[in-house]
Engineer: 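Below is one structure. I have some questions about it.
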Amino acid sequence: MARGAIVSFRLGLSDGVSIVARLWQEMLTDIGFEMVMVAAEGPVDRLVPGLGIGQLDGPDPDEFTASVADVDLVVVENLCTIPLNLPAARTVARTLAGRPAILHHHDPPWQRERFASVTELPAHDPCWRHVVINRLTAEQFAQRGLEATVIYNGFDTQRPEGDRAAMRKSLGVADDALLVAHPVRAIPRKNIPVAIAIAEELEGAYWLMGQAEEGYDATLGQLLASARCPVIHRPVARTPDIYAAADLVVFPSTWEGFGNPPVEAAIWRRPCVVGSYPVADELAEFGFRWFSPDRLHEVRAFLDCPDTELLDQNQAIAQRHFSLERVRADLVALLDDAGWLP
């Protein structure tokens, strides 16, 4: 059996890249690869110190080489894309030169102001294939002389039901209270002040899932303490329970490489307020009907009298264009074109 490896800073955790990597692991296993997971952090098969975010000594080159020596295909999840550990990116790129590899890009450096001066990433080799998660990034790759395949994130559109009553009870939210869910990490570009303002304006409880990262702890503490609405800051393991419990999903981000919550809200038939980041406009071209943070009177009208046609339309679009089956088909086509099918 052919063996594949997924390599990243961290895997098997709750961050977006780990979630996507887990889905790719399952799909590649189904396609016929025996998969191993390689990272510096998380419940992985092969733990390689030095690959992690901020581990700026990088991994021992021989140790990393040994971790993928028996592997036929390597998928690199964002590690050779965003400069969170340049020594690790250089080691991984040197080791994989001339070998079959898919570089799965989520956050190229030019899309982050603080990394805009980094020009050595994304790494490239003629033997590799580049995959990006939106058309905008594919166009930006082309401007830099790199060809990239777009494979949008995929979701379980079979929609396993969550337990609304149990989830709301555990959160201490009354049955008739408005619960505004913000299923994101707490970092500046998630626009938490606007999310809180939406909950305040609609007289709902604000529910933030993720912990502070990127030095946002103090700012987040101030924002939550000064909110003029009930605040819940608590993660939840099961995605269906989030959307079952929520009455409204908010996602007023200023930038996202993709943005899973608006699509998940469509799958679980919840209205969603979405910010005007560029890729949201790209996703909206599929026909999603989301609400604007600047038109909350429309949100209030929907909550007073839900439009089932809007929910039907959003759910159908998500099932048609963002299913796991669609991702698997795209991945098989990529592997077949490269001659890498097992």
Side-chain angles (χ1 to χ4, degrees), residues 6-11 13-24 53 75-85 89 102-116 118-119 121-124 129-144 146-155 182-192 195 209-210 213-214 216 239 249-267 272 274-286 288 290 318 321-322 324 326-327 330-331 334:
I6 295 180
V7 175
S8 194
F9 307 106
R10 56 191 182 186
L11 291 168
L13 303 176
S14 60
D15 59 287
V17 172
S18 287
I19 291 169
V20 173
R22 187 179 303 119
L23 293 174
W24 274 48
I53 294 172
V75 177
V76 183
E77 288 283 353
N78 222 31
L79 190 148
C80 288
T81 312
I82 188 169
L84 296 176
N85 186 338
I102 298 173
L103 271 63
H104 195 188
H105 304 285
H106 300 259
D107 305 286
W110 59 82
Q111 293 179 351
R112 299 284 188 272
E113 184 177 352
R114 64 187 172 125
F115 298 133
V118 177
T119 57
L121 297 182
H124 176 66
R129 295 296 177 96
H130 296 282
V131 171
V132 295
I133 59 176
N134 57 66
R135 286 199 320 269
L136 173 67
T137 303
E139 293 164 1
Q140 293 171 343
F141 266 61
Q143 292 165 5
R144 291 160 173 80
L146 297 175
E147 181 180 355
T149 300
V150 178
I151 300 182
Y152 288 111
N153 290 350
F155 304 83
H182 194 194
V184 300
R185 295 175 295 140
I187 56 177
R189 63 184 173 86
K190 301 298 183 180
N191 211 356
I192 288 168
M209 313 287 154
E213 298 182 11
E214 300 179 10
Y216 200 62
T239 299
V249 179
V250 290
F251 199 69
S253 296
T254 58
W255 173 264
E256 296 285 343
F258 186 85
N260 288 355
V263 179
E264 291 172 340
I267 294 168
C272 191
V274 180
S276 58
Y277 64 92
V279 178
D281 296 337
E282 179 179 326
L283 298 177
E285 292 175 11
F286 285 93
F288 287 116
W290 294 318
H321 297 288
F322 298 95
L324 297 180
R326 191 271 309 156
V327 176
D330 290 346
L331 191 51
L334 175 72

Engineer: Give, for atom CG of N260 and atom CZ of F155, the distance between the pair rounded to the nearest 0.5 Å.
Structural biologist: 3.5 Å

Engineer: Kindly determine whether W24 and I102 satisfy side-chain contact (heavy atoms from CB on, under 4.5 Å), including the steps that lead there.
Structural biologist: CA-CA 11 Å; W24 274 48; I102 298 173; 4.2 Å; yes

Engineer: May I have the step-by-step check of side-chain contact (heavy atoms from CB on, under 4.5 Å) for L23 and V327, ending in yes or no?
Structural biologist: CA-CA 9 Å; L23 293 174; V327 176; over 6 Å; no

Engineer: Taking the side chain as C-beta and beyond, is there a heavy-atom pair between H104 and V20 under 4.5 Å?
Structural biologist: yes

Engineer: Begin with the C-alpha distance, continue with both residues' side-chain angles, and end with the deciding distance and a verdict on side-chain contact (heavy atoms from CB on, under 4.5 Å) for V263 and F286.
Structural biologist: CA-CA 11 Å; V263 179; F286 285 93; over 6 Å; no

Engineer: Between F115 and L121, does a side-chain contact (heavy atoms from CB on, under 4.5 Å) hold up when you go through it step by step?
Structural biologist: CA-CA 10 Å; F115 298 133; L121 297 182; over 6 Å; no

Engineer: P262 versus F288: any side-chain heavy-atom pair under 4.5 Å?
Structural biologist: no

Engineer: Return the set of residues passing side chain to side chain donor-acceptor pair (under 3.5 Å) with R144 (not counting sequence neighbours), or none when no residue passes.
Structural biologist: none

Engineer: Contact between F251 and P183 at the side-chain level, heavy atoms closer than 4.5 Å - yes or no?
Structural biologist: no

Engineer: Is the shortest side-chain heavy-atom distance between V17 and S8 below 4.5 Å?
Structural biologist: yes

Engineer: Hey, mind stepping through E256 and K190 against salt bridge (charged side-chain N to carboxylate O under 4.0 Å, His left out) and telling me if it holds?
Structural biologist: CA-CA 8 Å; E256 296 285 343; K190 301 298 183 180; 2.7 Å; yes

Engineer: Can you tell me how far the CZ atom of R10 sits from the CD1 atom of I53, to the nearest 0.5 Å?
Structural biologist: 4.0 Å

Engineer: If every non-hydrogen atom of V279 is compared with every non-hydrogen atom of L136, which pair is closest and at what distance?
Structural biologist: CG2-CD2, 4.2 Å

Engineer: Using only heavy-atom distances, determine whether the side chains of Q111 and T137 contain a donor-acceptor pair under 3.5 Å.
Structural biologist: yes

Engineer: To check you understand the geometry: which heavy-atom pair defines the closest contact between C80 and A89, and what is its length?
Structural biologist: SG-O, 3.7 Å

Engineer: Does the R22 side chain pair with the main chain of L13, one donor and one acceptor, at a distance under 3.5 Å?
Structural biologist: yes

Engineer: Treating E282 as the side-chain partner and R135 as the backbone partner, does any N or O pair qualify as donor plus acceptor under 3.5 Å?
Structural biologist: yes

Engineer: Y277 side chain to F258 main-chain N or O, any donor-acceptor pair under 3.5 Å?
Structural biologist: yes

Engineer: Heavy atoms only: give me the nearest A186-G210 pair and the separation to one decimal.
Structural biologist: CB-O, 4.0 Å

Engineer: For a quick test of reading the model, state the closest non-hydrogen atom pair linking G154 to L324 and the distance between them.
Structural biologist: C-CD2, 3.6 Å

Engineer: Spell out, as yes or no, whether a donor-acceptor pair under 3.5 Å connects the side chain of D107 to the backbone of I82.
Structural biologist: no

Engineer: Are the side chains of L79 and N85 in contact, using a 4.5 Å heavy-atom criterion?
Structural biologist: no

Engineer: Measuring from atom OG1 of T239 to atom CD1 of I19, what distance do you get when rounded to the nearest 0.5 angstrom?
Structural biologist: 6.5 Å

Engineer: Could you give the distance from CD1 (I6) to OG (S18), rounded to the nearest 0.5 Å?
Structural biologist: 10.0 Å

Engineer: Is any side-chain heavy atom of F322 less than 4.5 Å from a side-chain heavy atom of L283?
Structural biologist: yes

Engineer: Are P252 and H182 side-chain neighbours, meaning at least one heavy-atom pair lies under 4.5 Å?
Structural biologist: yes

Engineer: Using the six-membered ring wherever Trp is involved, compare the ring planes of F141 and W110 and label them parallel, tilted or perpendicular (cut-offs 30° and 60°).
Structural biologist: perpendicular

Engineer: Quick one: does R326's side chain have a donor or acceptor within less than 3.5 Å of a partner on N153's backbone?
Structural biologist: yes

Engineer: Is a side-chain N or O of N134 found less than 3.5 angstrom from the main chain of G257, in a donor-acceptor match?
Structural biologist: yes

Engineer: Main chain of H106, side chain of T81: is a donor-acceptor contact present, judged purely on distance under 3.5 Å?
Structural biologist: no

Engineer: Flag the pair H105 / L103 as yes when at least one side-chain heavy-atom distance between them is below 4.5 Å, and no otherwise.
Structural biologist: yes

Engineer: Closer than 3.5 angstrom, by distance alone: can the side chain of E213 be matched with the main-chain N or O of R185 as a donor-acceptor pair?
Structural biologist: no

Engineer: Only one of R114, R189, R112 passes salt bridge (Lys or Arg N to Asp or Glu O under 4.0 Å) with E214; say which it is.
Structural biologist: R114

